[in-house]
Amino acid sequence: RKQLEHDIKVAISERAFQVYFQPQVSLTDGTISGIEALVRWNHHERGMISPGEFIPVAEKCGFMPEIGRIVISKAINEAAEWNRAGIAFGRLAVNVSGTELREHDFDAFLFETLEKAGLPPQKLSLEIVESVILDDEKTGIAAKLRHIRAAGVHLELDDFGTGYASLSHVNPNEIDRLKIDRRFVQNIHENGDNSKIVRAITELARGLGISIVAEGAETEAELDSLMAIGCDQVQGYSIAFPMPQDKALEWLTARMPKKAKLRVLQGSLA
Ligand code: C2E
Ligand code: CA
Ligand code: CA
């Protein structure tokens with residue numbers, strides 16, 4: 001643990017954390033609705049260390065705000081390049097933890113990063129777990145989130161269903177999208193309870209005008225069930241794995257509608 005702590009410090013000073021990207025697609029028309037940035041750490045001796053292993057240590061030692069800023073600025077810079085190149089990616093989604101949001105200048109950092117990179121705030125969303133919003137009253141996080149959202153950044157409740165699933169925050173005035181946790185998506189075609197839960201959350205969100213993305217769909221059978229239920233969007237290995245930026249760019253480019261080519265073709269016929 002001491003060694004890991006030390007190595008995290010070094011990785012921060014070298015800005016060694018990388019960003020992988022995992023697309024989210026619409027289940028109705030297959031268009032790309034978003035792409036989630038996920039931190040990756042290629043340790044010089046141990047190889048890839050998963051966020052599940054180093055994030056808890058980084059949170060405990062107070063390093064998460066710095067790691068988060070490295071990831072967020074790298075992700076925003078990449079998305080700004082896609083945006084300039086006319087590559088469709090929907091919205092870039094970044095994960096933000098409570099300790100990151102509690103930094104007094106988090107909103108200023110975010111706006112400055114967007115502005116410097118030249119990415120419109122409308123092309124960004126923040127994925128936040130429910131507990132962060134719930135512990136707000138003392139910390140002023142809600143006011144900060146309102147400020148960020150007023151600038152056009154979308155807000156999403158991550159891992160929905162695993163925490164309090166408090167309905168007071170499932171409010172279109174506060175939240176733009178719910179991410180249904182993978183545990184409810186897994187084996188949804190066989191597990192009647194899961195399919196009832198996903199159906200209920202989907203209907204609730206639709207009634208309120210909030211969009212829904214199901215996380216962690218791994219199989220064709222799970223995709224079919226989500227589609228039958230009427231879930232809006234999906235993210236998972238069945239669509240694409242998290243990819244480094246060059247592979248993500250290839251993936252996004254390959255999915256682009258071939259309109260431009262068609263236009264050239266028509267032009268040459270005319
Ligand atoms: P999360 O935000 O719920 O991210 C989704 C996780 O599910 C990712 O794990 C992703 O690789 C994985 N996943 C996606 N599709 C599938 C699938 O079909 N099947 C399975 N089994 N897994 C799938 P990852 O990248 O290991 O990240 C774990 C968690 O670490 C994230 O969970 C998030 O809570 C946190 N995290 C990752 N990157 C960041 C970051 O930049 N900042 C912060 N604050 N947290 C991060
Ligand atoms: Ca997430
Ligand atoms: Ca999640």
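Since the structure is predicted, the reported quantities are computational estimates derived from the model, not experimental observations. Both counts, for ligands and for their atoms, begin at 1 and track the order of listing.
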Arg149 versus Arg146: any side-chain heavy-atom pair under 4.5 Å?
-> no

So which heavy atom on Ala16 is nearest to which on Lys74, and how close?
-> C-NZ, 4.4 Å

Main-chain N/O of Thr162 paired to Arg183 side chain as donor or acceptor, under 3.5 Å | no

Short side-chain to backbone donor-acceptor contact, Lys123 and Ile76, under 3.5 Å = no

Please list, in chain and residue-number order, the protein N/O/S atoms closer than 3.0 Å to the Ca ion (ligand 2).
-> Glu36 OE2, Asn95 OD1, Glu127 OE1, Asp158 OD2

Residues 103-119 side chain polar contacts: donor-acceptor under 3.5 Å, at least two apart:
{"residue": "Asp105", "atom": "OD1", "partner": "Arg69", "partner atom": "NH2", "Å": "2.9"}
{"residue": "Asp107", "atom": "OD2", "partner": "His147", "partner atom": "ND1", "Å": "3.1"}
{"residue": "Thr113", "atom": "OG1", "partner": "Phe109", "partner atom": "O", "Å": "2.6"}

Could you tell me which non-hydrogen atom of Glu215 sits nearest to which non-hydrogen atom of Asp158, and how far apart they are?
-> OE1-OD1, 3.5 Å

Near ligand 1, which residues have a heavy atom under 4.0 Å away from one of its atoms?
-> Gln22, Glu36, Leu38, Val39, Arg40, Pro51, Ile55, Met64, Val71, Asn95, Ser97, Glu100, Asp158, Asp159, Arg182, Glu215, Gly216, Ala217, Glu218, Gly236, Tyr237, Pro242

Please determine, by modelled atom types, if Asn95 and Glu100 share a side-chain donor-acceptor pair under 3.5 angstrom.
-> no

Could you tabulate the donor-acceptor pairs under 3.5 Å formed by side-chain atoms of residues 38-45, not counting sequence neighbours?
{"residue": "His43", "atom": "ND1", "partner": "Glu45", "partner atom": "N", "Å": "3.1"}
{"residue": "His43", "atom": "ND1", "partner": "Arg46", "partner atom": "N", "Å": "3.0"}
{"residue": "His43", "atom": "NE2", "partner": "Asp7", "partner atom": "OD2", "Å": "2.6"}

What's the shortest heavy-atom distance between Leu178 and Ile210, and which atoms?
-> N-CG2, 4.0 Å

